[in-house]
Amino acid sequence: MSDSLFAPSGGPWIERLSAGAALLHGRACANDVRLLAEVEAVLEQAPLRGMETPGGQSMSVATSSCGDWGWVSDRRGYRYAAADPVSGHPWPAMPDALRDLARGAAAEAGFAGFDPDACLINCYLPGARMGLHQDKDERDFSAPIVSVSLGLPAAFLLGGLRRADKTFRILLRHGDVLVWGGPDRMRYHGVRPVQPGSHPLLGARRINLTFRKAR
DNA sequence: CAGTGACA
DNA sequence: AGTC
């Protein structure tokens, strides 16, 4: 008898969602303690902080970044910035373990050569969510988006190229890596409110790492 | 309660 | 990337 109907190999497996999107189940599990240590080290240099949308609303997710570019939002708009606006210093370097994970996952999903220069770190406490949006602040849409989920699970919504297009729900669990690019690069996406709970490594939170090629 | 569009 |  297999242990699980969903992981017959007992390890990571790839679910092809469409031509340019794939869910790599458990891809980050083997390395999770190391990855989290690297994330914590980044957050000591660039602490999580709340951001405001251009409309002046508070985002429910707390955010930081590492790499050459960090994603920031304020009343002036959404953009990538080379310096952390809180400290005025450059963002922490992207740890090799994180870059390697993103590159490996992208290659497995069909995007060999992915060279991320930005890693957005989003922290979701129970109740936090992300409305449907497109990632369109990057200069070059030829590179995919690589999203790593750690801690509490969340329901991810993957839509189409128009906001009103039908979405489908993907449960993202600790260690899952979702990759979308090519014809799927501009798909709308979002995250339903994170449900209360506790994860052995992270407690009552979900951390999402999103790797992009900003410039 | 999920989905959609208007407005910011 | 939010709220109504």
Side-chain angles (χ1 to χ4, degrees), chain A residues 17-18 20-21 23 39 42-43 46-86 91 94 98 102 116-141 143-172 176-181 184-197 205-215:
Chain A
L17 302 171
S18 65
L23 176 54
V39 170
V42 166
L43 296 180
L48 292 166
R49 80 293 304 269
M51 294 214 189
E52 283 190 358
T53 67
Q57 314 291 336
S58 295
M59 296 178 63
S60 59
V61 172
T63 297
S64 185
S65 286
C66 61
D68 292 341
W69 300 94
W71 185 88
V72 297
S73 175
D74 57 26
R75 276 146 307 213
R76 295 165 44 206
Y78 312 123
R79 63 194 176 278
Y80 284 95
D84 178 349
V86 170
W91 297 99
M94 190 185 302
L98 300 188
D117 59 8
C119 173
L120 174 60
I121 302 167
N122 280 148
C123 182
Y124 296 70
L125 300 182
R129 56 202 153 92
M130 186 82 73
L132 266 193
H133 67 280
Q134 291 172 303
D135 288 357
K136 57 185 179 187
D137 303 316
E138 301 73 28
R139 174 181 290 173
D140 179 358
F141 298 147
I145 304 291
V146 174
S147 168
V148 177
S149 294
L150 297 167
L152 289 179
F156 184 89
L157 299 176
L158 187 58
L161 302 183
R162 297 167 304 185
R163 189 176 181 270
D165 287 346
K166 189 165 80 79
T167 60
F168 60 99
R169 192 175 296 221
I170 302 166
L171 181 62
L172 296 180
D176 288 347
V177 181
L178 182 62
V179 180
W180 66 98
D184 299 308
R185 172 62 177 74
M186 302 307 290
R187 280 183 186 267
Y188 275 84
H189 55 280
V191 178
R192 300 290 301 148
V194 168
Q195 299 304 121
R205 59 192 171 135
R206 168 178 192 259
I207 288 183
N208 179 70
L209 309 175
T210 311
F211 297 86
R212 297 94 179 266
K213 179 76 175 168
R215 313 297 282 257

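From a predicted model like this one, the values you see are computed outputs, not experimental measurements. Each chain gets a letter, A, B and so on, in the order its sequence line appears, and its residues count up from 1. Heavy atoms only: backbone and side chains are in, while hydrogens, waters and symmetry mates are out.
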[X] [atom1] to [N] [atom2]: how many Å, rounded?
X	N	atom1	atom2	value
A/R169	B/dA2	CZ	P	6 Å
A/M130	C/dA1	CE	P	10 Å
A/R129	B/dG3	CZ	P	14 Å
A/R192	B/dC1	CZ	P	10 Å
A/Q134	C/dA1	CD	P	9 Å
A/K166	B/dG3	NZ	P	9 Å
A/H133	B/dC7	NE2	C1'	19 Å
A/D74	C/dG2	CG	C1'	15 Å

Residue pair A/R79 / A/D74, side-chain heavy-atom distance below 4.5 Å: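 A side-chain contact under 4.5 Å exists here.
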Check: A/L152 and A/Q195 side chains under 4.5 Å, non-hydrogen atoms: no
Aromatic ring pairing A/F156/A/H189, orientation class (parallel under 30°, perpendicular over 60°, tilted between):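 Aromatic pair A/F156/A/H189 classed parallel.
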Within 45° cone and under 6.0 Å: A/R215 NZ/CZ vs A/W69 ring: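 Yes, A/R215 lies over the aromatic ring of A/W69.
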Bracket notation of DNA chain B in which parentheses pair within the strand, [ ] cross earlier pairs, and | pairs with another strand (Watson-Crick or G-U, under 3.5 Å): ....|||.
Closest to side chain of A/W71, choosing from C/dT3, B/dA2, C/dA1: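 Nearest to the side-chain atoms of A/W71, counting from C-beta on, is C/dA1.
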Distance in Å, A/T53 OG1 paired with A/M59 CE, rounded so as to fall on 0.5 Å steps: 8.0 Å
What does [X] touch in the nucleic acid at a heavy-atom separation under 4.0 angstrom: a base, only the sugar-phosphate, or nothing?
X	value
A/N208	nothing
A/S73	nothing
A/G56	nothing
A/R75	nothing
A/S58	sugar-phosphate

Are [X] and [Y] close enough for a salt bridge, meaning some N to O gap below 4.0 Å?
X	Y	value
A/D135	A/R185	no
A/K213	A/E138	no
A/R49	A/D84	yes

Close residues, residues 152-164 of chain A, relative to DNA chain B [heavy-atom separation under 4.0 Å]: A/R163, A/A164
Given A/T210, A/T63, A/N208, the one that forms side chain to side chain donor-acceptor pair (under 3.5 Å) with A/N122: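 By the side chain to side chain donor-acceptor pair (under 3.5 Å) criterion, A/N122 pairs with just one of A/T210, A/T63, A/N208: A/T63.
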